[in-house]
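Everything below concerns the one structure shown next.
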Amino acid sequence: MTTRPLDAEAWQGRLGGLTGSRDWWTNDVKGLIEAARTKKAAEIREEFPTYVFTVDEMAQRPGVVDADMLAAFFTEFGRLAANLGEPANDRQVAEGLERAIEVQRANHADITGLWLAKAAYLGSVEIESDERLDAIRTAVEGAPPGSEEWATAIVTLAGYQLEVSRYDDVIATVDRLRTGMPPERYRQKYRCASLVYQGMALFTSFQDVDRARAVLLEAREYEASADDLVIARWIATAYHFLARIAEVDRQFQTAVDLYLAGQAFQDRCPEEVGSNAFIHLRIAEPLIAAGALDPAAHHIAEAQRLVKAGSNISSAWLQVKLTEATLKAAEGDLRQAEGIASGALDAARRTAFWRGELLCLGYLLVLGVRRRRPDKILVAVLRIARTAVFGELRRNGLLKLLTRVPVIVPIAVRRMSRRPRGAGEAATRCPCALHDRPVIAAGGST
């Protein structure tokens, strides 16, 4: 990412702080944290060089502010980097965090937040890495069991395990909250996290969709506590996955409504461009399945815009491309759909994104079914089997995948099929901010 350099006045102000007191740095960093949490990415883009400059200074003098403020600053910087693109020397950020950890450890300060900040930043650079996992595990091991810091680290570990498809591990990890937290505190807050992550793992792995629905509905009981933005984010996630389950059940209007309800909770929280991109691409999926192709295209375009604006390494870009392929297939252009999915597959392999590779192969398999091409189907099946040795199925097993095929394949085929709305069939409406008026199925607007 290219950022505008600081102007002369800004540089003078920043350089003046080099000899400033601890209070000066504390107030300055506090202001940067607040701005990062309250401003949209587009509003803060021109201020990003200030954050990069401050990261450099924090790397050189990690003891100039206390451990909690350091952790908060680096956490917000990691999120901004994911939203806006990392600075060129990403190792300097990680090394700065390591120095900060050393200094604060020598001061006998709590460093759990710094380890999690390091993990958050590393996650903006690479989804899966031993270094990122080690940072999270160190945070878990270093925090007092049952403390708020420990619970935050446990939830972060579950999030990482979900990202890398360790679904059974996710369920076991969040169960540690139930046994490790003081019972009252668990009921007040962390039971919500446990329910949400359990529901995500059960649905994403298609182990038990009905159970996933049940625990996600339980999590919604915490809506009254969503003034806590951590809980608000969990509630947004619960709605997101309830919407995905509604699509499995062919309840397309319910799915769209649930996505929008979740977005309302997400909007309370500091902006995450990648999460917003996922909301739009997921809304597009039930719209495509219902035949509402024009509004679906609007959401895909918005998701593409957000992914491009974000510039971070994530699965969002790949899944946007696959949703675009789904739209092309639903429009009847199966060859173009196959070309888009094949391009996404090549990108997934270049970045060793194994879950993305399997997802692309699944799309190519479904396209082979739609085209009634046994040769395409056979090639896709053989490539999928290959991942049992080299990729995703090493983690979750070929037999587990085969048990999910009866659920997964019909959903994908339904999305990719041309399906005009029948007489008397209810329209699927999308009353979102992208559309001034509700839209109807079969590709038109009212």
Side-chain angles (χ1 to χ4, degrees), residues 6 10 13-41 43-44 47-84 86-87 89-125 132 135-136 138-140 142-144 147-156 189 227-230 232-233 269-272:
L6 297 176
R14 303 301 301 163
L15 291 170
L18 296 181
T19 57
S21 65
R22 185 181 176 90
D23 286 344
W24 186 94
W25 278 104
T26 296
N27 289 331
D28 188 66
V29 173
K30 185 176 180 180
L32 292 174
I33 293 170
E34 180 65 18
R37 289 174 174 172
T38 56
K39 291 185 177 181
K40 297 291 186 183
E43 297 171 337
I44 210 165
E47 300 175 35
F48 194 53
T50 301
Y51 287 85
V52 177
F53 180 95
T54 304
V55 162
D56 292 342
E57 291 307 309
M58 294 294 100
Q60 299 302 318
R61 51 175 76 195
V64 77
V65 296
D66 65 40
D68 287 344
M69 184 164 290
L70 261 181
F73 175 75
F74 275 110
T75 297
E76 293 305 322
F77 180 79
R79 188 177 56 78
L80 287 179
N83 281 345
L84 300 172
E86 318 87 43
N89 189 0
D90 55 78
R91 284 307 311 167
Q92 187 169 359
V93 178
E95 290 167 4
L97 275 161
E98 288 163 8
R99 283 195 290 273
I101 288 167
E102 291 171 4
V103 169
Q104 299 301 338
R105 182 189 283 123
N107 292 335
H108 304 290
D110 176 64
I111 53 176
T112 302
L114 285 171
W115 281 113
L116 294 180
K118 179 179 178 180
Y121 181 74
L122 292 172
S124 74
V125 179
R132 183 184 175 199
I136 298 170
T138 303
V140 173
S147 67
E148 295 286 321
E149 295 79 12
W150 179 83
T152 300
I154 286 288
V155 173
T156 303
K189 181 172 182 178
D227 287 344
D228 181 333
L229 296 186
V230 174
R233 197 177 298 283
C269 305
E271 183 183 24
E272 291 184 3

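To the nearest 0.5 Å, atom CG of residue Leu80 and atom CD of residue Glu47 are 9.5 Å apart. Atom CG in Asp68 sits 8.0 Å away from atom CD in Glu149 (nearest 0.5 Å). Summarising the geometry, atom CG belonging to Leu70 is positioned 11.5 Å from atom CD1 belonging to Ile111; distances are rounded to the nearest 0.5 Å. Taken to the nearest 0.5 Å, the SG atom of Cys269 stands 9.5 Å off from the CG atom of Asp228. Between the CD1 atom in Ile101 and the NZ atom in Lys118 there is a gap of 6.0 Å [rounded to 0.5 Å]. How far CZ of Arg37 is from CD1 of Ile44: 12.0 Å, rounded to the nearest 0.5 Å.
With a 4.5 Å cut-off on side-chain heavy atoms, Leu32 and Thr54 count as touching. Using a 4.5 Å heavy-atom cutoff, the side chains of Lys40 and Pro270 are not in contact. A 4.5 Å side-chain heavy-atom check between Thr112 and Trp150 finds every atom pair outside the cut-off. The side-chain heavy atoms of Thr152 and Ser147, taken from C-beta on, include no pair separated by under 4.5 Å. Side-chain atoms of Trp115 and Ile136, non-hydrogen and from C-beta on, never get closer than 4.5 Å to each other. Phe53 places none of its side-chain heavy atoms less than 4.5 Å from the side chain of Phe48.
Using modelled atom types, no side-chain atom of Glu76 and backbone atom of Phe73 make a donor-acceptor pair closer than 3.5 Å. Without hydrogens or angle criteria, Asn27 side chain to Asp23 main chain gives a donor-acceptor distance under 3.5 Å.
Between Thr75 and Ala117 the shortest heavy-atom distance is OG1-CB, 3.4 Å. Between Ile33 and Met69, the shortest heavy-atom contact is CD1-O, 3.8 Å. Contact detail for Ala135 and Ala119: the closest heavy-atom pair is CB-CB, 4.0 Å.
Classification of Lys39 and Glu271 as a salt-bridged pair fails, no side-chain N sitting under 4.0 Å from a carboxylate O.
Ring to ring, Tyr51 and Phe74 are not that close: their centroids are 6.0 angstrom or more apart.
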* Asked: Passes side-chain contact (heavy atoms from CB on, under 4.5 Å), Val230 versus Lys189? Steps please.
  -> CA-CA 9 Å; Val230 174; Lys189 181 172 182 178; 4.1 Å; yes

